[in-house]
Amino acid sequence: MSRIAARFAALKQEGRGALIPFLEAWDPDAETSMAILRGMPAAGADLIEIGMPFTDPMADGPTVQAAGKRGLKAGVTLARTLAMVRDFRREDEATPVVLMGYLNPILSYGTERFCEDAAAAGVDGLIVVDLPTEEADLLVPPAAARGLDIIRLVAPTTDDARMPLVLNGSSGFIYYVSITGITGTRSATAEDLAANIPRIRRVSDLPVAVGFGVRTPAQAAEVARLADAAVVASSLIDTLAASLDEQGRAGPDSVRLVLDQVRALADGVRGARVAA
Amino acid sequence: MNQPAPKPNSLRTGPDERGRFGAFGGRFVAETLMPLILEVERAYDACRADAAFRAELDRYLKDYVGRPSPLWFAERLTAKLGGAKIYFKRDELNHTGSHKANNCMGQILVARRMGKTRIIAETGAGQHGVATATMCALFGLPCTIYMGATDVERQAPNVFRMKLLGAEVKPVTSGAGTLKDAMNEAMRDWVANVRDTYYLIGTVAGPHPYPAMVRDFQSVIGEEAKAQMQAAEGRLPDAAVACIGGGSNAMGLFHPFLDDPSVRLIGVEAAGRGLDTHEHAASLSRGRPGVLHGNRTYLLQDADGQIQEAHSISAGLDYPGIGPEHSWLHEIKRVEYVAATDEEALAAFQLCTRTEGIIPALEPAHALAHVTKLAPELGRDKIILMNLCGRGDKDIFTVAEHLGVKL
């Protein structure tokens with residue numbers, strides 16, 4: 001069983017949803033970013049999503065854009081992002097790690113070689129924002145051959161007629177983009193989620209993670225109750241960004257502040273029992 | 001649109017059903033946008049098949065845009081260069097001052113048929129922004145134009161024009177604040193407003209069906225020029241030349257000639273401060289294939305696949321990518337792609353102004369820079385057709401600055 005499947009199965013036993021915190025690779029520098037990654041499982045991360053910085057992150061709002069910019073300025077590359085995961089795996093064999101980013105750096109690296117190196121580093125899944133189902137044949141075969149899940153995105157605009165096409169051949173979990181918008185801007189209402197998550201459940205048995213606009217422990221708890229996992233990105237990056245000095249350098253409390261927030265989010269998620 | 005059925009082995013049949021020209025094109029967008037892209041494709045297909053749509057577009061093109069644009073024999077320029085006869089396709093005489101009006105008129109009619117109530121667009125030099133704002137004024141639609149902050153500064157007259165026309169101009173500060181960043185921001189707006197908003201892309205790039213749709217709306221340039229050339233010379237030109245940023249004026253000129261092998265097709269990219277510097281916008285000459293803004297095409301990028309900033313004196317050519325059909329035509333070698341530097345474009349700008357009494361935009365000044373090299377090489381019995389796709393009123397401040405003149 002893959003790490004992702006094993007983790008969701010274990011959480012199902014526990015009767016709760018997952019917290020998936022996000023960090024952007026090398027934001028604001030290699031050491032800080034690595035320290036945050038290392039500290040996340042103990043702070044309550046059930047899965048971890050790592051952003052692969054790209055110059056033109058079209059689906060991201062100002063917060064994640066700025067994080068990517070800091071990572072690129074610090075010198076991150078795709079190879080260095082994979083190296084982070086490789087280092088993380090020396091201490092943690094269980095926590096699933098999913099990389100999120102845009103297609104061009106992966107194409108530039110070479111899809112075959114990237115999937116091979118990512119799997120070898122201990123990556124479990126890939127979320128590629130600008131790779132819709134219609135173009136997924138570019139990455140699905142090399143990923144599947146190495147046991148990497150290509151996490152499919154479903155949006156509020158994905159109608160019922162389209163849903164089976166989008167989810168055909170999906171694996172790992174499903175990422176529900178809960179708003180029509182960019183990251184870190186608005187939040188979906190509980191009614192939106194209650195209406196949309198069953199649309200996915202009717203088509204797939206895979207766990208459903210909800211992202212875009214999940215900011216507070218209360219929101220994370222609500223999402224984890226209605227779906228299977230809550231992804232929190234922009235609010236963690238906001239905390240990190242607020243701790244940086246004027247030159248964008250990490251402060252003495254940067255890592256602790258982010259991990260404290262992960263802990264608070266995890267408490268929220270763990271307090272929310274899934275309705276039977 | 002409604003072109004005669006292509007011949008077997010035609011180069012004019014693309015894209016395929018996945019929106020690809022060879023290995024290029026496609027639909028690389030977030031799932032949120034995908035249903036909308038498919039809706040645009042269905043709407044465009046319906047418009048294309050509808051004679052009433054064609055008639056409506058033709059009427060607007062004739063009575064509002066001012067088509068057909070003339071074909072001008074540049075006699076003094078020809079004599080000065082001492083070689084091939086040079087003809088200008090004068091799309092700078094269109095309403096709003098460039099070829100952009102052809103596409104905007106077509107797309108806004110599509111948007112209206114889709115029932116969209118708000119229009120957004122990106123702009124570099126401001127020509128597409130002005131054309132979009134104009135059509136929105138004509139049809140009473142609210143309009144938001146995304147423009148890189150750097151471009152807002154260097155194209156102040158066009159910014160004011162857009163505002164006069166009632167558009168909201170949003171300066172974009174991410175990246176280098178140029179066309180690429182404006183396109184990112186327009187796509188972010190679209191994702192957030194998918195239900196009522198139509199994204200009116202200004203060039204032959206973006207996800208399918210945009211490259212094909214924009215090409216079709218711009219092909220009126222080449223179709224007219226072909227007929228006008230027959231009338232003037234009784235034959236086709238030996239070469240057709242156009243500048244290339246995203247590549248819409250070039251695609252519009254070239255497409256009707258793709259199946260005429262006697263016509264050399266030459267696209268002129270912006271070489272900025274030189275192809276061997278890092279400051280140019282020559283995606284085909286110096287880039288490699290990748291994915292940006294919804295399509296697979298040649299891009300300026302570093303070894304890690306990060307997109308590099310383009311540079312050109314001309315804001316309209318300042319883009320690190322190029323339309324996917326151009327990438328395909330480059331690979332199959334049907335079109336030759338060359339480049340002209342900022343300095344060469346400035347020289348051509350002045351030459352055209354003084355010799356023909358036409359102030360060209362800095363964009364077609366790049367095409368003209370190549371024509372000045374090509375005409376003497378080709379000899380007097382040959383004919384060159386060049387797309388003079390925009391007028392230079394917007395550029396006089398930039399040119400003055402480069403010439404050291406204070407206005």
Side-chain angles (χ1 to χ4, degrees), chain A residues 52-62 65-66 68-69 72 75-81 101-110 114 128-138 152-159 161-163 165-166 175-183 185-186 212, chain B residues 17-20 23 25-39 41 172-176 180-197 206-208 288-297 299-309 320-321:
Chain A
M52 301 179 278
F54 180 48
T55 40
D56 295 81
M58 277 161 293
D60 286 305
Q65 286 177 44
K69 219 170 172 174
L72 289 171
V76 76
T77 60
L78 222 47
R80 286 171 168 169
T81 304
Y102 294 80
L103 184 59
N104 198 55
I106 296 174
L107 285 181
S108 178
Y109 195 101
F114 178 74
V128 184
V129 178
D130 52 352
L131 190 75
T133 300
E134 278 77 358
E135 305 287 355
D137 55 349
L138 209 60
R152 297 292 171 84
L153 298 156
V154 171
T157 50
T158 312
D159 64 20
R162 182 172 163 76
M163 192 76 74
L165 171 79
V166 171
Y175 191 122
Y176 179 60
V177 175
S178 61
I179 53 157
T180 53
I182 51 179
T183 54
T185 48
R186 297 183 291 119
F212 286 47
Chain B
E17 72 283 354
R18 295 184 68 176
R20 296 196 180 174
R27 288 178 286 222
F28 296 91
V29 296
E31 171 61 21
T32 314
L33 285 182
M34 198 63 208
L36 201 70
I37 298 283
L38 296 170
E39 189 192 338
E41 185 182 351
V172 177
T173 52
S174 61
K180 155 180 102 95
D181 312 296
M183 202 148 176
N184 289 335
E185 213 52 39
M187 291 189 104
R188 290 181 185 120
D189 180 314
W190 203 22
V191 166
N193 298 288
V194 282
R195 296 188 200 273
D196 67 342
T197 298
H208 178 66
R288 60 192 172 87
V291 165
L292 181 69
H293 294 151
N295 66 98
R296 189 170 199 174
T297 193
L299 300 171
L300 298 178
Q301 54 183 317
D302 71 12
D304 196 42
Q306 304 295 342
I307 308 304
Q308 292 170 321
E309 301 295 344

Is any side-chain heavy atom of [X] closer than 4.5 Å to a side-chain heavy atom of [Y]?
{"X": "B/P207", "Y": "A/E134", "answer": "no"}
{"X": "A/E135", "Y": "B/R20", "answer": "yes"}
{"X": "B/R188", "Y": "A/P62", "answer": "no"}
{"X": "A/L107", "Y": "B/Q301", "answer": "no"}

Checklist line | Minimum heavy-atom distance B/G290-A/N104, with the two atoms named | finding: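 Smallest heavy-atom distance, with atoms named: CA-OD1, 3.0 Å.
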Check: Which heavy atom of B/Q306 sits nearest a heavy atom of A/P105, and at what distance?
Finding: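 B/Q306 and A/P105 have their closest heavy atoms at NE2-CG, 4.2 Å.
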Checklist line | Contact class of B/A303 relative to chain A, heavy atoms under 4.5 angstrom | finding: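 Backbone only.
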Next item on the list: Please state whether the side chain, the backbone, both or neither of B/L38 comes within less than 4.5 Å of a heavy atom of chain A.
Entry: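 When you check distances to chain A, only side chain atoms of B/L38 fall under 4.5 Å.
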Note to self: Any carboxylate oxygen within less than 4.0 angstrom of a Lys/Arg side-chain nitrogen, looking at B/R27 and A/D130?
What the structure shows: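 No salt bridge links B/R27 with A/D130.
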Checking heavy atoms, do the side chain of [X], its backbone, both or neither come under 4.5 Å from chain B?
{"X": "A/I106", "value": "neither"}
{"X": "A/D60", "value": "backbone"}
{"X": "A/V128", "value": "neither"}
{"X": "A/R152", "value": "neither"}

Margin query: Using a 4.5 angstrom heavy-atom cutoff, name the option from B/D181, B/L36, B/V291, B/L292 with the most pairs to chain A.
Written below: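 Option with the top pair count is B/V291.
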Check: Most heavy-atom pairs under 4.5 angstrom with chain B, which of A/L72, A/T133, A/V177?
Finding: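 The answer is A/L72.
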Note to self: Using the side-chain contact (heavy atoms from CB on, under 4.5 Å) criterion, which residues pair with B/Q308? Sequence neighbours excluded.
What the structure shows: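 B/Q308 satisfies side-chain contact (heavy atoms from CB on, under 4.5 Å) with B/L300, B/D302 only.
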Interatomic distance, [X] atom [atom1] to [Y] atom [atom2] [nearest 0.5 angstrom]:
{"X": "A/F54", "Y": "B/D304", "atom1": "CZ", "atom2": "CG", "result": "10.0 Å"}
{"X": "B/M183", "Y": "A/M58", "atom1": "CE", "atom2": "CE", "result": "9.0 Å"}
{"X": "B/T32", "Y": "A/I182", "atom1": "OG1", "atom2": "CD1", "result": "11.5 Å"}
{"X": "A/T55", "Y": "B/E309", "atom1": "OG1", "atom2": "CD", "result": "8.0 Å"}

Next item on the list: Please confirm whether the backbone N or O of A/A155 pairs with a side-chain atom of B/E31, one donor and one acceptor, at under 3.5 Å?
Entry: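 Flag not set: sc B/E31 to bb A/A155 has no pair under 3.5 Å.
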Item checked: Check: A/R162 side chain, B/M34 main-chain N or O, donor-acceptor pair, under 3.5 Å ->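 The answer is no, because no donor-acceptor pair under 3.5 Å joins these two groups.
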Note to self: I'd like to know if the side chain of B/R288 pairs up with that of A/S108 as donor and acceptor (distance under 3.5 Å, no hydrogens or angles considered).
What the structure shows: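 Side-chain D/A pair, B/R288 to A/S108: present.
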